[in-house]
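Residue numbers count from 1 along this sequence. What you see is a predicted model, and the numbers here were worked out from it, not measured in a lab. The basis for the numbers below is simple: all heavy atoms, side chains too, and nothing from hydrogens, waters or symmetry mates.
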Amino acid sequence: QVQLVESGGGLVQDGGSLRLSCAASGRTFSSYVMAWFRQAPGKEREFVAAVTGTGGTTYYADSVKGRFTISRDNAKNTVYLQMISLGLEDTAVYYCATTNTRVGVTNRYAYDYWGQGTQVTVSS
């Protein structure tokens, strides 16, 4: 049974920073793409960032490029999302997800396991 547990969300001021973590168990962590998605109230769940199994390739949504960094520590079975220069538009529930495919990694339907989500709220 694959489990993904996110942590690190919270309330932060406009322009601030947060680091999210996602601890994984139940599969060979280093073999799978890991990603972050987010969902704001009334909106579709959207892709944020993804990283391949070795960490050698990363993908980002245009809206977060230059502000967010995805990384992984395969020894700890954990993926991270470092977020800086947060804006009000970044307020959402952030979800960790995993897939065994490298095709369409920005598509939420490519992912077969999801965490429960962690709330990020940016205040003015």
Side-chain angles (χ1 to χ4, degrees):
Q1 182 71 16
V2 176
Q3 284 194 315
L4 303 175
V5 180
E6 301 98 334
S7 61
L11 177 64
V12 63
Q13 286 194 322
D14 191 7
S17 303
L18 277 178
R19 189 176 82 154
L20 305 182
S21 300
C22 172
S25 61
R27 67 176 13 170
T28 306
F29 183 71
S30 60
S31 299
Y32 296 93
V33 170
M34 298 295 298
W36 290 94
F37 286 76
R38 66 186 181 187
Q39 188 166 17
K43 293 189 176 181
E44 296 282 318
R45 190 169 298 190
E46 64 174 2
F47 171 76
V48 175
V51 60
T52 54
T54 61
T57 302
T58 55
Y59 307 82
Y60 294 96
D62 288 343
S63 60
V64 307
K65 277 180 184 175
R67 300 188 300 121
F68 291 11
T69 302
I70 189 170
S71 62
R72 64 192 297 161
D73 184 338
N74 287 341
K76 295 182 178 179
N77 284 3
T78 301
V79 63
Y80 304 98
L81 186 68
Q82 178 67 52
M83 306 183 292
I84 66 170
S85 301
L86 284 162
L88 301 179
E89 69 279 9
D90 296 313
T91 294
V93 177
Y94 283 71
Y95 296 91
C96 175
T98 182
T99 178
N100 63 0
T101 180
R102 289 192 62 171
V103 177
V105 296
T106 63
N107 185 335
R108 61 178 173 165
Y109 298 107
Y111 291 83
D112 49 358
Y113 291 100
W114 294 82
Q116 81 289 350
T118 186
Q119 177 70 48
V120 172
T121 302
V122 183
S123 65
S124 58

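Between the NZ atom in Lys65 and the OG1 atom in Thr58 there is a gap of 9.5 Å [rounded to 0.5 Å]. We find the CG-SG distance between Asn77 and Cys22 to be 10.0 Å, quoted to the nearest 0.5 Å. Atom CG of Asn100 sits about 11.5 Å away from atom OG1 of Thr28, to the nearest 0.5 Å. Note: Gln1 CD to Arg27 CZ = 10.5 Å, rounded to the nearest 0.5 Å.
Across all their heavy atoms, Ser85 and Asp90 have their closest contact at O-OD2, 4.3 Å. Across all non-hydrogen atoms, the minimal contact from Arg38 to Ala92 is CB-CB, 3.8 Å. In this structure, Val93 and Gly117 approach most closely via the heavy-atom pair CG1-CA, 3.8 Å. Of all heavy-atom pairs between Gln82 and Ser17, the closest is NE2-CB, 4.3 Å. When all heavy atoms are compared, the tightest approach of Ala110 to Gly104 is CB-O, 3.5 Å.
Not counting sequence neighbours, the partners of Gln39 by the side chain to side chain contact (heavy atoms under 4.5 Å, CB included) test are Arg45, Tyr95. Annotation: ring-ring contact (aromatic ring centres under 6.0 Å, His included) contacts of Phe47 (sequence neighbours excluded): Phe37.
Residues Ser21 and Lys76 are not in side-chain contact: their nearest non-hydrogen atoms beyond the backbone lie 4.5 Å or more apart. Within the 4.5 Å cutoff, the side chain of Leu11 has no heavy atoms near those of the Gln119 side chain. Residues Thr52 and Tyr59 form a side-chain contact, since some pair of their non-hydrogen atoms from C-beta on lies under 4.5 Å apart.
A donor-acceptor contact shorter than 3.5 Å links the side chain of Thr98 to the backbone of Val33.
Through direct or relayed side-chain contacts under 4.5 Å between Ile, Leu, Val, Met, Phe, Trp and Tyr, Leu81 connects to Val2, Leu4, Val12, Leu18, Leu20, Phe29, Met34, Trp36, Val48, Val51, Tyr60, Val64, Phe68, Ile70, Val79, Met83, Leu86, Leu88, Tyr94, Tyr113, Val120, Val122.
Counting non-hydrogen atoms of other residues, nucleotides and ligands closer than 6.0 Å to CD of Glu89 gives a total above 12.
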